[in-house]
Amino acid sequence: MDEVVDEILVRCPPDDPARLLRAALVCRRWRRIVSDPGFRRRFIERHRAPPMLGFLCNVPDDDLYLTARFVPTLDFRPRRAVGDRRRAVDARHGRVLLHSVPLDKVSFRFDLVVWDPITDEQRALPRLSLHASPWTWNAAVLCAGVGGGCDHLDCHCAPFLVHFVAVFNDRIVSCVFSSETGDWGKPAFFHCPSNGDLRLEPSVLVGNALHFVILFPASTRILQVELATGDMSVIDLPPTFDKQPHILLMTTEDNGLGFATIHQSKVYLWSKVDGIDGDAIWDLSRVIELETLLPTDALSVSISPHVVGFADGIGDIFLGTEVGYFTINPKTNRVKKVVEDAGFFGIFLHKLLHSSVGGHRSPLHKALALRSDVGLFTGMRKTTSSMSSSISNGGGAMVGGVLARI
Amino acid sequence: MAAPESGDGNNGAARMVTLISSDNTRFEVEAAAASLSQTLQLTILDGGGGGGDGIPLPNVDSATLSKVLEYCIKHAPAAANGGAPNATAVDRAELERFDNEFVNIDQSVLYSLIMAAHNLEIEGLQSLVAKKVADMIKGKSPMEIRRTLGFPDPTPEEQAEMNAHMLEYGWAYE
């Protein structure tokens, strides 16, 4: 009666991945049932809201190399320590983009690896040859089915793209790696009015375009890169907020572009609406007063709360404070402490919409219909917080941009 | 006799059907309740089960059938309202309370119920008992799950296989 067992196991909640895994070990028959692709699909359809498995954060190791570590929020653990002098750059659609930090910490090399934290498969990208070291850079990993109707619920084995953007003086270069061709495509160029500093804040995917935070001497703006064409453009922020050095890009409830920023203990949530002439119009959609929501010690003046991440699909905003990390749901104002003071000062948290477990390592692995959201958290230890706050204050942005890439 | 309230039938009284368990016990029940079973629904629509005929259910014993019908009778009014979109919160809470108590039963009864719900294709009941078993294995090791569900002890070969997998997925056992 496989169908009966199927009916039972498909009801294991997705936020308890160990339960399904243990069930799969009960006997061969159960293992076979859970290993069936049809089971995985039914499981995903039944539990469409994926759970958050944890975060990846970049913390300095003993030799001060920024190294990615996994901070679990459920009982899932990746099969390997992420680190080994690899920094997490981005995470999306079940994949994590890692950058191997050069031994001397300052020379410029693009050793990028795409890693699936659940199946543990990884793929090293060919080194991107650039004529010079970029001023600052950022990159994004995403499912190649974007724009093609992929719902990213079960696409972890599908082809992926890595979008790389870098600033060289007054030029921005964008280049795309495709896992299908196994190589980087032709770079696209965009001239910007002045030297920009591409921030390490996570990019956000809205429709068919990636968005990165870029800091110009006079204002903070958003770099938009069209996936299909590689066309780049710059979006201005609302005038009263364009001097804000630290903003967090996010998707709005109706899948538009938005951003969050904190000013005087208030979280401001802005969403972009299209004006008649195609210009961006920003709408202040919410203001969340933190004083009434966070504990007093989280509202420290020395290290004031900062927005570090956004859980796409769940809608929670992540705040870093001196006493740990909190999530706030803008709809309900529900606050939850997710990480006690973990000994690092977080700067960003990327969202990884993981699809299902799958993979090819073993029949069991192939089986597990676990889905997850893994946040990616790029942080520094508190000892370096003075540096990061100086970055936030706009002073030394360039220094921060370079140092933070170490 | 059933109360003449459903209007299901020519004379105003609810139509009744007879179900016969594997041990030859006859159960007379409203057609609307028995129709929660997809398996029985077609037969009943064709006019079967009425009068002295009865529908034989050779795979379901009387104890289990009695339990199944208890569920069907309770859920039939809501099902008749198309999943009860107009049900009040009180009605829904009452059904939920009933469901929780309903599956709070001896394991042997629960397993008979799973099989009966599956054979008779009673969707709500299938879901209810499956969820109950899924809850029962929460936090248990593969061995504990085997014991809970009354599996025989694993053969040495099976045991070795389990151990190997458990080593590989150590995180699930912390």
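Here is how names work: the chains are called A, B, and so on, in the same order as the sequence lines, proteins then strands, and each is numbered from 1.
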For A:Glu7 versus B:Ala130, what's the shortest heavy-atom pair and its separation?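 Nearest heavy atoms, A:Glu7 then B:Ala130: O-CB, 3.5 Å.
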
Any donor-acceptor N or O pair under 3.5 Å, side chains A:Gln122, A:Arg86: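 Indeed, the side chains of A:Gln122 and A:Arg86 share at least one donor-acceptor pair under 3.5 Å.
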
With no hydrogens and no angle check, just 3.5 Å: does a side-chain donor-acceptor pair link B:Ser127 and A:Arg11?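 Yes, A:Arg11 and B:Ser127 have a side-chain donor paired with an acceptor closer than 3.5 Å.
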
Looking at A:Arg334, I'd like to know if its CZ atom is crowded, meaning that more than 12 non-hydrogen atoms belonging to other residues, nucleotides or ligands lie closer than 6.0 Å.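 At most 12 heavy atoms, drawn from other residues, nucleotides or ligands, come within 6.0 Å of this atom.
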
For [X], is it the side chain, the backbone, both, or neither that has a heavy atom closer than 4.5 Å to a heavy atom of chain A?
X: B:Glu161; answer: side chain
X: B:Met115; answer: side chain
X: B:Lys140; answer: backbone

Classify the ring geometry between A:Trp30 and B:Phe151 as parallel (under 30°), tilted (30 to 60°) or perpendicular (over 60°).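 The arrangement is perpendicular - the two ring planes meet at more than 60°.
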
In chain order, what residues pass the side chain to side chain contact (heavy atoms under 4.5 Å, CB included) check against B:Glu96, with sequence neighbours excluded?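 For B:Glu96, the residues satisfying side chain to side chain contact (heavy atoms under 4.5 Å, CB included) (neighbours in sequence not counted) are B:Asn100.
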
Backbone N or O of A:Phe160 within a donor-acceptor pair of the A:Ser179 side chain at under 3.5 Å?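 Indeed, once roles are kept as given, a pair shorter than 3.5 Å links the two residues.
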
Where along residues 55-70 of chain B does a heavy atom come under 4.5 Å of chain A, listed by residue number?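 Listed by number: none.
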
